[in-house]
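Each remark here refers to the structure printed beneath this line.
No experiment lies behind these values; they were computed from the predicted model shown.
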Amino acid sequence: MNPEPATTKAAQDQLDAHVREIMQWHFSPETGSPFWLDWAKKAGWNPATEVKGFADLLRFPHFQDEWLRDLPNEVWVPKKYQGRPFNIFETGGTTGMPKQRIGWDDYKVDYEEFSGKIANEHFPRGGAWLMVGPTGPRRLRLAIEHLANFRGSSCYFVDLDPRWVKKVISQKHFEQARAYMDHVVDQAAVILKHRKVSGLFTTPKLLEALGEKIDLYGAGIRGVFCGGTTMAPQAVRFIVEEVLENRIGFYPTYGNTLMGLAASVPLRKEDNFSITYYAPQPRAVLRVVDANNTSQTKNYGEWGRVELTTLTKEFFMPRFLERDEAIRREPRAPYAWDGVAEVRPFGAMEKNIVEGVY
Amino acid sequence: MTPLPHIPALRRGRPYESLDQINIVDHRTGTPLVSISQVNAGIIRKDLARIGESRAALKKFTTAQLIEISAQAGELFLNGTLPLGDKGHTQSAKEYWETLSATSGLPHVMVRRNMAKIHHALTNMRTILNGLTRGLELGILDQGYGEQFGTPVSYYPTTQGLGLVMPSNSPAVNSLWLPAIALKMPVIIKPGKEEPWTPLRLIQAFMAAGCPPEAFGFYPTDHEGAGEILKSCGRALIFGDKSTTDRYAGNPAIQIHGPGYSKILIGEDLIECWPDYIDLMAASIADNGGRSCINASTVVAPKYGAEIADALARKLGPITPLPATDENARLSGFANVKMAEYIDGAIEQDLKTPGAVEVTAKYRNGPRKVMLEGGIYLRPTIVLCNSFAHPLANREFLCPYASMVEVPQAEMLRQIGPSLVVTAITKDPVFTEQLLESPLIERLNLGPISTMKISWDQPHEGNMFEFLYKRRSIDRA
């Protein structure tokens, strides 16, 4: 059911208020970070006083993620966080210096909120979790463990290094990629055989491969929290009907180190397995924009490029153009803001994109 | 009933409508003619895990019963009105050839000839199995063992299903897998993108004739899905160009059907009579639109190369595309326009290498690549090459194309390379013996026989029975 207009208006007002608060924070010398204070000086305008709401963020240019690779991490530390050690989280990358985002508590806030969106029936409190996916320097690793802990659970881990997978696939060493995937899945199957686990985080490809190796329901899995790559409707249907056999709860998500976590609304019959994600507003906002005129959002039901704005006290990132495209969807309860659906790599219809096995 | 038919995947015979569908269009107008469900590799893997059930369903029948079912399927395929998809549509024989022609570019007359070949194979299955098994008493396959020529024999299956990654170029290639059903082997088919029609109609014909649906997997899918069929079926056939088939060379579980490089060789003893064989050569090059691996792609003669090339060019060069409905149509359109552009470009590029001249050009009065009623066609091309070293000398393209190379008879077998079919126009006993000894030739026609002639009781490209069954030693107390 779509939310009432009053509800969407309230959500918009809340977002505008949040934007003003975040602008005050990042562009005030008492609280802001060196990067943004310096940026404002050069830009010749003061976001702290001139930005009245989300629409005014269009005055910012698109955030350049190279800044996260080329500049020292310290430039992103807000004054109020100085002296407090930070976590360093890295994005994908295959070669060279990776992009890094620093943080303190954002991931905990995001995942504690997400905890309220998963059912106890699928992720019983106290029941162990298994994460099979990219750990290493990724925010996701700490986030999943925190989510499990927050629900009174512990978490096992099996790592998958996506940089290695991308490298071997781009070199057309498909057998190596397959062998590596088997290696990862074998380890996960061993854990599931020898330990009592009820919640699983993994990626669609790994989930499928794990489902071929082991009876997931029989092994005790009751809920799967999934993310990482494209999940087209037919792929979702296959997972729901044939991998999870309509018996295990499925929670697809869209997220990354820069945003956090966009949860999906539960599938209805009429969705035909098309998944729509909603950003954790007001801490992050997703827009589906015209790739050739990024100040314009696309109409509902149309494909466009995904633009992310992150608005927390730890990190401000305006109008970052993701390397993804999606369908713009209308607000849907419990979310009173726009959703993004059927996310896939930007330009996926025109060229082959290496997404790898994860 | 929706106006556009939908072809579902068939999972052990059961229709499966995917959320992922593509339209197949008329190659001339772009009008969608059908939507077809696409499945992911995971679905194929999941179904293959239960392939034993499919084989069990076929094993309930005797070989003799399956031969009878094949014959009935042949009649239904040729003349019947069969279900088309899962939205209540049907397809008559006429609708089949019209639609296949529209999506693949083959003229109606060629589709009907291909239909006749398939019909012949299905209705002569006993003869075919006799050829494949070298006269094995077929009851032995039902029992698993028996006695033949006074010797105990036993055969076991090498797999539980036969995978097929099919092409779109010519419907008659489907006749290769037809014996599998009578041999009690389920088939897992990935149809060619522009040609789902023939395998689907064959499956419907088999099922209407009483074959268990479980025997059929029909999976329109992507590269990953095709790879899964090849990897997981235990035994599989793949069709494709050299780059595709090279990947699977040396894999005993995969039978490769790539370019044929079929040839006509004229011996020194009959070379003075070459004009008598021009019609035979032209037919070998151009029949079926030049789309078959058994079309001749090279003519080799000890002399008169220029004269033979000119005579072939004079005969084939003027051929122009005709409407698909024209009974005299001899060229096929290209559903994949990029393929036509690639072939045309490749020939032009290699003609720049010294030592070759296109002889057809002067008889064609126009470009090789032409358009008719919105469809793209490639007109016949004969290239005179000064040696086998020229890049156009031993090539095969999806159109009436052949090179003419002069080579002394004594050198021919050293130079021709692997050849699916060789028609040797000679009566010379020494040359004949050399030809019979050659390991390069899969099928040998001695005398003026078109390379396009095939014998159903003699497999010319892989023996399906030996591919699917192996003999074991057996004794019973």
- Item | Test item: A:Glu208 and A:Phe238 side chains (from C-beta on) under 4.5 Å apart, heavy atoms | yes
- Message: Taking side chain to side chain contact (heavy atoms under 4.5 Å, CB included) as the definition, give me every residue that meets it alongside A:Glu330, ordered by chain and number, with sequence neighbours left out.
- Response: A:Asn2, A:Tyr300
- B:Ala180: partners by side chain to side chain contact (heavy atoms under 4.5 Å, CB included), with sequence neighbours left out: B:Leu162, B:Met185, B:Val187, B:Leu468
- Task: Can you tell which part of B:Asn40 gets under 4.5 Å to a heavy atom of chain A, answering side chain, backbone, both or neither?
- Result: side chain
- B:Glu17 versus chain A, heavy atoms under 4.5 Å apart: side chain, backbone, both or neither? backbone
- Task: Determine whether the side chains of B:His27 and B:Ser104 contain a donor N or O and an acceptor N or O closer than 3.5 Å.
- Result: no
- Query: Do you see a donor-acceptor pair shorter than 3.5 Å between the side chains of B:Thr99 and B:Trp197?
  - Reply: no
- Query: Restricting to pairs with a member in residues 231-253 of chain B, which pass ring-ring contact (aromatic ring centres under 6.0 Å, His included), not counting sequence neighbours?
  - Reply: B:Phe239-B:His257
- Residues of residues 43-52 of chain B near chain A, each having a heavy atom less than 4.5 Å away: B:Ile43, B:Arg45, B:Lys46
- Item | Carboxylate-amine/guanidinium proximity below 4.0 Å for A:Arg344 and A:Glu325 | yes
- Given that the side chain runs from C-beta out, which part of A:Glu212 has a heavy atom under 4.5 Å from chain B: side chain, backbone, both or neither? side chain
